[in-house]
Amino acid sequence: MAEYNFRNIEKKWQNYWAKNEIYKTENASDKPKFYALDMFPYPSGAGLHVGHPLGYIASDIVSRYKRLKGFNVLHPMGFDSFGLPAEQYAIQTGQHPAITTEQNIKRYKEQLKNIGFSYDWSREVQTHRPDYYRWTQWIFMQLFNSWYNNNSNKAEHIDTLIAEFGSSGSSGVNAVCDDDTPKFTADQWNSWTEEEQLKVLLHYRLTFPSEAVVNWCPALGTVLANDEIKDGVSERGGHPVERKKMKQWMMRITAYADRLLQNLEHLDWSEPMKDMQTNWIGKSYGCELQFEVKDHSKVLTAFTTRPDTIYGVTFMVMAPEHEWISQLTTHDQKMEVEAYVEAAKNRSERERQTDVKSVSGVFTGSYAINPFNNAPIPVWVADYVLAGYGTGVVMAVPSSDDRDYRFAKYYDLPVTLVVEGSEKLDDPTELKYGKMFNSGILNGLNSDEAIQKAIEHAEDNGFGTSKVNFRIRDAVFSRQRYWGEPVPAYFKGDIPHLVDEKDLPVELPTVDKYQPTATGEPPLGRATDWTYNGYPLELTTMPGWAASSWYFLRYMDASNESAFADKHITDYWGQVDLYLGGTEHATGHLLYSRFWNMFLYDRGLIGHEEPFKKLINQGMIQGVSSFAYRVVFTGDDKIMPEVFLSKGIVDRIKKSNLTRAEQDIIENILEKELDSFNKKHRTSYSVENVMEKKIIPMHVDISKVKNDILDVGAFKTWRPELKEAIIILEANGNYLCGSEVEKMSKRYFNVVNPDDIVERYGADTLRLYEMFLGPLEQFKPWNTNGIDGVFKFLRKVWNLFHKENGEFYVSDAEPTKEELKVLHRTIKKAQEDIERYSFNTSVSEFMICVNDLTALKCNKGAIL
RNA sequence: GCGGAUGUGGCGAAAUUGGUAGACGCACUAGACUUAGGAUCUAGCGGAGCGAUCCAUGGGGGUUCGAGUCCCUCCAUCCGCACCA
């Protein structure tokens with residue numbers, strides 16, 4: 001009897017698709033367009049695991065569905081091929097990262113093709129290729145040549161700014177620029193040298209070199225962006241990160257903070273995703289208040305969202321990095337303050353982040369004056385105030401702010417209550433809003449009315465202005481690495497200039513090694529003649545997010561050699577209709593892409609402001625790791641026995657309810673085994689040794705484990721040191737492993753390769769099963785237990801249309817009423833499911849369909 | 001601490017708008033067939049009970065003719081941000 005031979009079937013059709021370019025998409029059509037996009041992968045050496053294709057399968061289903069529904073579908077794939085792992089491998093081996101990268105890409109493509117995606121491979125992009133990064137560099141140049149005009153609320157060419165400066169100086173300009181931007185008249189501007197003018201323009205450009213405090217990771221030898229740091233250590237590798245002042249290229253993403261926030265409202269993204277971006281941008285409304293300092297000319301400015309609590313201010317706090325600290329410190333306090341500032345400086349970012357509970361600070365000796373009631377208030381320095389947010393100075397209101405309250409309690413500073421009702425509480429900060437009292441002109445008002453009144457009062461009297469603050473910082477754009485896009489800029493003295501457009505791409509030079517130079521310069525410092533017209537070229541390269549911030553536009557017109565993409569074509573395709581990828585890019589890629597896309601829109605280079613109309617975040621497929629329990633010995637002997645106890649035994653030891661008899665049996669076995677070990681290696685391990693020692697779980701390759709039972713033979717050959725391992729089994733003769741759900745990763749030995757599934761069950765089974773596993777957006781561990789059911793389903797479908805001898809057969813017999821009913825119900829339900837991206841239920845729907853047809857004893861080859 | 005999500009059989013899950021809870025699949029049980037397979041088919045499969053019935057969607061309370069779904073409250077797990085003034 002003929003079998004469902006998925007290998008032949010899939011091979012035949014995949015070849016047919018490739019040969020006939022079935023999925024090649026045209027850039028014009030009478031049909032409506034649909035752009036379905038996956039987040040393109042970084043081609044790592046480990047290859048794809050079963051988690052990667054989850055989103056790809058979903059977007060492929062939608063793409064195929066939309067094609068059948070009469071859409072012209074753009075469904076491309078490519079590779080984000082600049083990145084750290086290839087470079088680290090290059091450092092170890094000396095091999096050029098391009099070689100590893102291209103090998104990895106080749107493997108990824110084979111794996112992807114095995115799964116049968118309907119990609120238009122003619123549009124593939126690889127971001128490390130000069131014909132791609134040429135345009136990444138070109139976009140960088142546009143950013144350099146732009147400034148953000150707050151009056152028109154968009155980015156404009158720098159020439160419009162220069163013209164304005166020439167005719168009326170800086171007075172009429174309302175731009176996003178650095179805090180220390182100078183003011184000048186047209187005459188002054190015109191009298192300056194070109195160099196002086198260029199220096200001023202750097203305060204306005206959307207990308208610019210700047211001396212900035214950055215996150216420096218010594219282990220990786222590079223700076224990192226805020227979104228590349230988790231818990232004070234690098235996201236990649238978990239290395240410590242320190243604060244360091246360095247010259248860096250920056251991107252003025254803060255110019256777009258408000259629009260990035262506002263536009264979220266109109267995007268069809270999940271609420272959690274929008275919330276994440278909203279929090280990251282961190283807009284808060286409030287005001288800046290000025291506090292004169294007693295017997296001093298300085299005026300401290302503090303940002304607050306709660307000016308209504310101004311009468312509750314009992315002290316001020318400055319960040320330890322604040323530049324006025326030494327000037328505001330009195331002679332008596334000098335030693336103490338200097339010691340504190342020095343100590344704070346030496347605290348690593350990590351310490352500062354993990355240790356948020358402890359309170360520390362020091363009094364400067366100076367007093368500020370509360371502008372509302374002229375009360376003198378002591379000025380303190382404390383590291384709970386951040387230099388990078390607001391003004392780096394805080395007006396402390398211990399009665400309504402938890403941190404201020406903690407600080408006041410610790411240093412015994414006064415607490416003035418200002419909200420009615422808080423006097424009844426042990427901790428007054430539990431009541432933050434209400435009717436104000438003890439508050440002079442604000443008495444009797446509710447908090448929100450009082451906020452308004454306080455701001456008005458401050459503005460009328462000239463000691464404050466309403467102000468909006470953002471948490472988001474300008475993005476650091478430099479990486480001290482080799483394997484990235486060179487920055488197309490060179491320096492005349494301090495002043496950066498762009499290379500001529502006709503000289504793009506600025507190709508990566510060859511270097512002898514990929515480490516920093518002896519003098520600590522980035523790897524590009526090793527290149528011979530890394531100059532442009534005799535001037536030194538920039539030594540840092542671009543960060544990973546540069547290339548991925550516009551690749552979705554390149555797919556539209558991937559082989560264009562005269563532009564990053566033709567405007568007519570980007571207008572035709574417009575927004576990505578469906579973008580699928582993980583949540584981990586919420587505050588990185590997805591924000592930067594929106595920024596660049598918005599910028600290109602402002603400059604008229606594309607016709608849509610937001611890149612991704614609908615976003616779906618597929619959940620991660622996790623791995624199920626297996627553990628063996630290893631006894632750890634300490635001692636001076638060079639060689640130690642590898643002793644593993646089965647999970648049941650470990651559990652009972654830990655609960656100390658191992659029976660005497662069980663223990664005797666185990667000890668007997670161990671004694672024998674250890675005896676022969678001791679004889680062989682002249683050591684003296686004893687049973688007592690084992691029972692008291694620490695037992696730690698060790699990851700075991702999941703291919704050596706089935707249903708938590710270890711294949712002991714396979715385990716012993718896994719690694720040389722396990723060859724003579726002593727393995728203590730359960731009473732039933734099995735070694736039982738523990739298991740845990742973790743991220744799927746090589747280092748946990750829990751990776752499942754899609755190739756293996758395809759080999760055994762076929763691509764269609766893999767695809768259906770991944771969808772059947774559960775809701776797309778949910779995190780779920782991979783297990784292969786249910787896969788037979790899906791395979792059976794496909795076999796049943798095949799059998800419906802093939803005779804006993806395997807011949808394909810379609811009957812022209814009239815379908816019965818019941819059969820038609822089943823058919824139409826299935827079509828309707830499956831369509832609804834796909835439209836609402838519920839892929840697991842749509843698979844179920846097809847299964848029910850086949851079951852019903854079987855129950856109706858439907859004819860073979862029923863065409864319905 | 002702030003923000004968000006989730007919680008339903010032995011397991012993965014379904015129930016789209018408040019309307020028969022557990023579709024579909026896995027595992028399991030019994031049976032049939034047999035060329036003995038990692039095959040196929042039939043039936044059963046939340047709990048209690050011989051049964052009619054009763055009890056079940058993390059716990060408690062509420063709205064409603066009717067609640068897995070809405071409201072309040074508590075608990076657990078996961079994720080994001082985290083001294084952001």
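Just so it is clear, the values below take in all heavy atoms, side chains as well, and ignore hydrogens, waters and symmetry mates. Convention: sequence-line order gives letters A, B, ...; per-chain numbering from 1.
- Residue contacts for A/Arg473: at a heavy-atom cut-off of 4.0 Å it reaches no nucleic acid atom on any strand shown.
- Contact annotation for A/Thr278: no contact, since no heavy-atom pair falls under 4.0 Å across all strands.
- In this structure, A/Phe407 has its ring center closer than 6.0 angstrom to the ring center of A/Phe315.
- No engagement by A/Lys780 is indicated, since no non-hydrogen atom pair under 4.0 Å with the nucleic acid exists.
- Listed pair A/Tyr389 / B/A85 meets the phosphate criterion, a side-chain N or O lying under 4.0 Å from OP1 or OP2.
- Cation-pi check for A/Arg594 over A/Trp269 is met; the charged atom lies under 6.0 angstrom from the ring centroid and within 45 degrees of its normal.
- Taking side-chain N and O atoms only, A/Arg406 has no distance below 4.0 Å to OP1 or OP2 of B/G1.
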Base-pair map of RNA chain B as dot-bracket, where | denotes pairing with a different strand and pairs are Watson-Crick or G-U under 3.5 Å: (((((((..(((......[....))).(((((.......))))).(((....)))..(((((..]....))))))))))))....

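- Taking 4.0 angstrom as the limit, A/Thr583 places none of its side-chain polar atoms (N or O) nearer than this to OP1 or OP2 of B/G80.
- Salt bridge A/Asp711/A/Lys706: absent, no basic N to carboxylate O contact under 4.0 Å.
- Base orientation of B/G44: anti, the glycosidic angle falling outside 90° of 0.
- Heavy-atom minimum distance, A/Val385 versus A/Val393: CG1-N, 4.4 Å.
- Using cut-offs of 30° and 60° for the angle between ring planes, the A/Tyr311 and A/Phe372 rings count as perpendicular.
- At the phosphate of B/A14, OP1 or OP2 sits under 4.0 Å from a side-chain N or O atom of A/Asn840.
- Counting any heavy atom pair closer than 4.0 Å across all strands shown, A/Lys274 reaches no nucleic acid atom.
- Considering only side-chain N and O atoms, A/Gln778 lies under 4.0 angstrom from the phosphate OP1 or OP2 of B/A13.
- Across all strands, A/Tyr761 comes closer than 4.0 Å to base atoms (heavy-atom distances).
- Note on A/Arg471: a side-chain N or O is less than 4.0 Å away from OP1 or OP2 of B/A82.
- A/Arg252 forms no cation-pi arrangement with A/Phe595, by the criterion of a distance under 6.0 Å to the ring centre and an angle within 45° of the ring axis.
- The CD atom of A/Glu271 sits 17 Å away from the C1' atom of B/U6 (whole-angstrom rounding).
- For A/Tyr769 and A/Phe791, the ring centers are positioned 6.0 Å apart or more.
- Proximity of A/Asn851 to the phosphate of B/G25: a side-chain N or O atom is located under 4.0 Å from OP1 or OP2.
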